[in-house]
Structures are given as structure tokens and as C-alpha cells.
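Contents: one structure, followed by commentary.
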Amino acid sequence: MQPARKYQPTPGLPDCPQGISAVKALGIAASQGQRIYTITQKVYNDNPGIVNTALSAHSHDTQSRVQQSLDAGYEVTIHERPITESGWTGAGYIQIDPATGAGAYTIEGGANGGWIVLVIGGLLLAVGLYFVLLPFFLLFASYLTAVLLVLLGVLQLILAMQLDKNDFRAFLANLAHGEMSAGLAAIWGGPIVGVVLFVLFSYLNVVLS
């Protein structure tokens with residue numbers, strides 16, 4: 001088995017975002033010269049306000065969770081102040097139950113400028129949905145237009161039947177038949193067929209009337 005290769009940044013290119021864990025956060029903090037606190041129950045009993053004093057640089061949420069862990073009888077290992085790694089800022093700490101040895105590795109914090117990422121992601125999603133759904137909207141609009149064309153033809157035909165026998169009645173009836181035929185063709189044959197037939201019937205109605 002070959003040993004895992006160490007990450008090497010490519011010159012001229014930005015560093016890739018790196019994953020973060022509680023252990024890695026503690027290691028980064030130590031490399032920065034931060035103090036690493038292991039708060040046992042004895043230490044906590046001797047200094048009940050240690051969270052507010054030694055960990056005052058951390059967020060309220062981190063302090064609150066560490067306080068709850070200590071009150072529950074856990075030992076907590078945490079770095080002195082928040083760290084920043086690959087755009088992420090926060091804390092990593094370990095909670096150990098001294099009675100069982102069970103532990104929890106916790107990461108708390110958030111990405112710097114995370115709202116920008118959300119906005120950009122939302123815009124990209126909206127644009128993507130637009131291009132994906134646009135053909136369906138156009139198709140729906142085409143068929144809706146075809147249905148309305150058929151209904152218009154029906155109304156014109158009814159109106160033509162109410163008129164006296166004259167040239168206008170014949171023209172209106174022919175136009176109604178053309179509209180209904182074009183609309184039905186668009187519904188069953190597609191919008192392009194409907195447009196072609198509508199133009200054809202309109203032309204024939206004008207020429208023959």
C-alpha cells in the first residue's frame with residue numbers, strides 16, 4: 001500500500017477548500033499558538049466561571065454548549081479562540097464522558113460570506129429552472145392558444161348562423177371553420193402545424209370570400 005500523498009497546492013491557482021473536523025480544528029489552533037484547554041470536572045469545580053473567562057472569544061452558542069457539557073459531567077477539550085480555515089470560522093471541541101469514555105466531536109461555526117454563496121446558488125437555481133421549464137410554458141401557451149382559437153371559431157360560427165344569408169355570413173362561417181381547423185390541428189398535430197394551417201385557411205377564406 002502506498003502512503004497517502006500530502007496535499008500540495010498548484011502554483012498560481014487558489015487553494016482548494018479543505019475539510020474541517022474537531023481534531024483538525026484543535027491542531028490548527030495549536031499550530032497558531034493558541035492554548036488548548038482540557039476542562040475536567042475538577043478544573044470546572046475549582047473554576048465554575050471558566051467558560052466565560054477562558055473561552056470568552058468564542059461565540060455565545062459555542063460557550064453555551066460547552067457550559068451544558070460541563071454541567072452534564074463531561075470533560076471538554078477546546079481551543080482558546082475561533083479559527084478560520086478555507087472560509088470557515090468557528091470552533092472544534094471534544095466532549096468526553098469520564099464514566100464511560102464515550103466522546104463527541106463537535107464543530108460549530110459558519111462560512112464567511114455564506115449568504116453570498118446562498119444568493120448565487122439561488123440565482124443559478126432560478127436560471128436553471130427557467131431554461132428547464134421554459135419549453136413547457138411555451139408548449140402550454142401554444143396549446144392554450146389553440147384551444148382559444150377553436151372556441152373563437154365556435155363563437156363565430158354561432159354568430160354566422162344568426163345572420164341572414166349574405167356575403168358577410170359566408171365569410172364569417174368560413175373564417176370560423178378555418179380557425180377551428182387550425183386550432184384542432186395545433187392541438188393534435190403541434191403548434192407549428194396549427195400556425196401553418198391557420199395561415200393557409202385565412203388566406204383561402206380571404207381569396208374565396
Side-chain angles (χ1 to χ4, degrees), residues 1-138 140-141:
M1 178 181 294
Q2 296 180 350
R5 292 189 301 175
K6 184 178 180 182
Y7 165 73
Q8 295 291 341
T10 303
L13 295 178
D15 291 341
C16 295
Q18 300 296 304
I20 193 71
S21 66
V23 174
K24 185 173 183 178
L26 291 168
I28 293 174
S31 68
Q32 294 175 352
Q34 292 191 35
R35 295 179 179 178
I36 305 299
Y37 297 105
T38 298
I39 309 174
T40 64
Q41 283 300 297
K42 183 178 184 308
V43 172
Y44 179 52
N45 292 334
D46 293 341
N47 188 3
I50 190 172
V51 173
N52 294 328
T53 55
L55 305 180
S56 59
H58 286 289
S59 68
H60 174 74
D61 186 55
T62 297
Q63 293 183 52
S64 176
R65 290 179 179 272
V66 170
Q67 184 71 57
Q68 292 174 8
S69 297
L70 293 173
D71 291 338
Y74 287 86
E75 296 179 358
V76 178
T77 300
I78 186 172
H79 45 94
E80 184 179 7
R81 56 184 180 274
I83 63 167
T84 297
E85 174 69 15
S86 298
W88 176 89
T89 298
Y93 53 93
I94 303 173
Q95 305 143 283
I96 299 293
D97 183 351
T100 63
Y105 296 75
T106 305
I107 284 293
E108 289 184 353
N112 293 331
W115 65 276
I116 298 178
V117 176
L118 292 177
V119 170
I120 294 176
L123 289 176
L124 292 176
L125 178 61
V127 172
L129 289 176
Y130 172 79
F131 284 107
V132 170
L133 298 178
L134 180 60
F136 296 98
F137 285 124
L138 292 178
F140 174 76

Sorted by chain and residue number, the side chain to side chain donor-acceptor pair (under 3.5 Å) partners of S31 (sequence neighbours excluded) come out as none
Results of side chain to side chain donor-acceptor pair (under 3.5 Å) for Q34 - residues two or more places apart only: Q32
Non-hydrogen atoms of I36 and L26 that approach each other most closely: CD1-O, 3.8 Å
Atom pair CD1/CD1 of I107 and I20 - distance to nearest 0.5 Å: 5.5 Å
Inter- and intrachain pairs under salt bridge (Lys or Arg N to Asp or Glu O under 4.0 Å), touching residues 45-67, at least two apart: K42-D46, D61-R65, R65-E108
Between CD1 on residue I50 and CG on residue N45, distance to nearest 0.5 Å: 11.0 Å
side-chain hydrogen bond (donor to acceptor under 3.5 Å, both in side chains) contacts touching residues 49-60 (sequence neighbours left out): S59-T62
Pairs in or reaching into residues 32-56: which pass ring pair (Phe, Tyr, Trp, His ring centres under 6.0 Å), with residues at least two apart or in two chains? none
What pairs meet the salt bridge (Lys or Arg N to Asp or Glu O under 4.0 Å) rule with one or both residues in residues 27-38, with sequence neighbours excluded? none
Under the side-chain hydrogen bond (donor to acceptor under 3.5 Å, both in side chains) rule, what pairs show up with a residue in residues 74-83, not counting sequence neighbours? T38-T77
Rounded to the nearest 0.5 angstrom, the OG-CD1 distance for S69 and I94 is 12.0 Å
Nearest 0.5 Å, what's the OH-CG distance between Y93 and L55? 10.5 Å
